[in-house]
Protein chains: 2
Amino acid sequence: MVRPREFNEEQALHAAMELFWEKGYEATSLSDLTAKMGIQRPSLYAAFGDKKELFEAALRKYNQFHASYVRTRLQSVPSVKEALRSFFMGIVAEAYEEVPNRGCFCLNVMVELAPHDAKFEVLTREHQMYLAAIFQETIERGIRSGELGKHVNAKALAQTLVVSMIGLTVLMKSRPDRTFADNAAATVVALLE
Amino acid sequence: MVRPREFNEEQALHAAMELFWEKGYEATSLSDLTAKMGIQRPSLYAAFGDKKELFEAALRKYNQFHASYVRTRLQSVPSVKEALRSFFMGIVAEAYEEVPNRGCFCLNVMVELAPHDAKFEVLTREHQMYLAAIFQETIERGIRSGELGKHVNAKALAQTLVVSMIGLTVLMKSRPDRTFADNAAATVVALLE
DNA sequence: CCAGTTACATACCGATCGGTATAATATACT
DNA sequence: AGTATATTATACCGATCGGTATGTAACTGG
């Protein structure tokens with residue numbers, strides 16, 4: 001005995017995610033959101049709560065998407081070294097292609113909101129830990145296959161790769177010289193040798 | 001034949017820098033600024049121009065301060081390895097002490113504004129290049145003193161240190177476990193071996 | 001001590017912010 | 001078909017946004 005929604009919540013949330021990802025929390029207005037989501041303001045509040053709650057839902061959606069994206073990229077290549085090389089080179093290449101360079105939504109949130117909002121501090125930290133676990137899985141796969149030495153500390157190396165990934169992604173926001181970016185990516189990969 | 005300023009421009013700009021550093025561009029209002037700077041709104045516009053111009057002046061001031069801070073820290077320790085170790089450990093230690101964790105103002109700007117504003121893209125890129133040059137100087141000093149091998153590629157290593165510094169600084173915004181942060185910092189230093 | 005110039009404080013501007021009250025509309029169950 | 005219920009669209013809310021006009025106070029050169 002109800003009137004059904006005329007919009008797809010999933011699509012609307014996706015649109016909100018893209019907007020927040022590109023512009024950040026403060027710079028995105030409710031008018032921006034309703035326009036891009038294709039819904040009216042009261043519908044947004046009924047479906048997602050206030051701006052912060054919508055933002056949190058968007059970040060959770062991004063983190064899920066991003067984690068599975070990273071896992072897929074690393075698992076789809078048989079060689080662990082080659083998978084990681086392709087992954088880090090991809091960060092550089094995609095940053096040059098994209099305008100504006102959105103980078104990683106989760107990192108953007110770490111910078112804009114995590115220092116002032118405990119909820120986002122936790123949410124972003126958990127995602128980084130999760131990414132570290134994905135890297136660790138991959139490294140352990142390389143150890144098992146003999147591609148990496150048995151003496152490699154998988155956990156420590158994974159954490160280092162997370163730091164390098166963050167550094168590379170954020171560095172790309174300033175669009176450094178291609179040589180700088182390529183060299184930085186190459187040096188990260190060289191950590192595996 | 002004029003009335004002199006009642007406020008110190010240097011101090012006022014410093015106050016603005018601290019506010020922008022802590023809260024970012026969008027989240028800092030003119031009311032916040034005039035309150036902390038201790039001046040009235042028309043005085044702010046007369047002395048510094050509009051909000052964006054004031055922000056740019058604040059960033060330039062920060063970059064100067066930050067570059068000389070980094071240079072001093074790296075030069076004040078005779079051992080290059082020890083200087084770099086202390087520097088990266090310091091990033092971790094200071095992040096835990098500071099609440100909220102402001103991180104690096106220039107990195108905050110890279111994330112919030114550089115992708116949408118060419119002026120800040122250039123300004124932040126130049127600072128990263130400058131930091132890379134400082135690291136390179138330090139590494140070359142280590143090579144000359146024999147502390148580092150002659151085969152070391154100073155420029156490439158310096159660029160890698162910049163990426164690691166960025167990654168570590170941004171990671172700290174999510175306040176990761178102490179073990180994660182310490183290990184990440186230690187692995188960066190291990191690059192020198 | 002007056003004239004000219006600049007900075008000060010207050011008060012205000014239109015625009016936009018996030019959020020909501022209201023009322024018309026569309027559906028499902030009885 | 002009628003009624004209860006949820007969604008829609010419009011219009012509106014007070015607050016705050018960045019920015020400025022206005023008039024008064026303070027100083028200096030003549």
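In the text below, chain A, chain B and the rest are named by the order of the sequence lines, each starting its count at 1.
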### Message
I'd like to check the ring-ring contact (aromatic ring centres under 6.0 Å, His included) partners of B:Tyr25; sequence neighbours left out, ordered by chain and number.
### Response
B:Phe55
### Message
Taking any heavy-atom pair under 4.0 Å as a contact, classify B:Thr34: base, sugar-phosphate, or nothing.
### Response
nothing
### Message
Just to verify, what does A:Glu140 make a salt bridge (Lys or Arg N to Asp or Glu O under 4.0 Å) with, not counting sequence neighbours?
### Response
none
### Query
Mind checking what makes ring-ring contact (aromatic ring centres under 6.0 Å, His included) contact with A:His66, not counting sequence neighbours?
A:Tyr62, A:His127
### Query
Which heavy atom of A:Val163 sits nearest a heavy atom of B:Leu171, and at what distance?
CG2-CD2, 3.8 Å
### Query
Using a heavy-atom distance cut-off of less than 4.0 Å, which residues of residues 7-17 of chain B contact DNA chain D?
none
### Task
Please list, chain by chain and in numerical order, all residues satisfying side-chain hydrogen bond (donor to acceptor under 3.5 Å, both in side chains) with A:Glu82, sequence neighbours excluded.
A:Arg85
### Task
Look at B:Ser31 and D:dC17 and indicate whether a side-chain polar atom (N or O) is within less than 4.0 Å of OP1 or OP2.
yes
## Note on the structure
Residues passing the side-chain hydrogen bond (donor to acceptor under 3.5 Å, both in side chains) test with A:Gln159, sequence neighbours excluded, are B:Asn183
Which atom pairs link the protein and nucleotides 19-21 of chain C when you take only N or O atoms and keep those under 3.5 Å?
| residue | atom | partner | partner atom | Å |
| --- | --- | --- | --- | --- |
| C:dG19 | OP2 | A:Tyr45 | OH | 2.6 |
| C:dG19 | OP2 | A:Lys51 | N | 3.2 |
| C:dG19 | O5' | A:Tyr45 | OH | 3.0 |
| C:dG19 | N7 | A:Arg41 | NH1 | 2.8 |
| C:dG19 | O6 | A:Arg41 | NH1 | 3.1 |

#### Entry: Between A:Thr124 and B:Ser174: side-chain donor-acceptor atoms closer than 3.5 Å
no
### Task
Kindly say if B:Ser29 contacts the phosphate of D:dT16, meaning a side-chain N or O under 4.0 Å from OP1 or OP2.
no
### Task
Using a cut-off of strictly less than 4.0 Å, decide whether A:Gln40 has a side-chain nitrogen or oxygen near OP1 or OP2 of D:dT8.
no
### Message
Rounded to whole Å, please give me the gap between CG in A:Leu33 and P in C:dT16.
### Response
16 Å
### Task
Using only side-chain N and O atoms of A:Ser43, determine if any of them is under 4.0 Å from OP1 or OP2 of D:dT7.
no
### Task
Give the rounded distance in Å between these two atoms: CG of A:Asp32 and P of C:dC17.
7 Å
### Query
What residue pairs, at least two apart or across chains, pass ring-ring contact (aromatic ring centres under 6.0 Å, His included) with a residue in residues 131-157 of chain B?
B:Phe87-B:Phe135
### Message
If I take atom CG in residue A:Leu19 and atom P in nucleotide C:dG18, what distance separates them, rounded to the nearest angstrom?
### Response
11 Å
### Message
Expressed as a whole number of angstroms, how long is the span from B:Met37:CE to C:dA9:P?
### Response
14 Å
#### Entry: For atom CD1 of A:Ile39 and atom C1' of D:dT7, their distance in whole Å
11 Å
### Query
Under the salt bridge (charged side-chain N to carboxylate O under 4.0 Å, His left out) rule, what pairs show up with a residue in residues 27-44 of chain B, not counting sequence neighbours?
B:Lys23-B:Asp32
### Summary
Taken to the nearest whole Å, CZ/A:Phe48 to C1'/D:dT7 is 14 Å
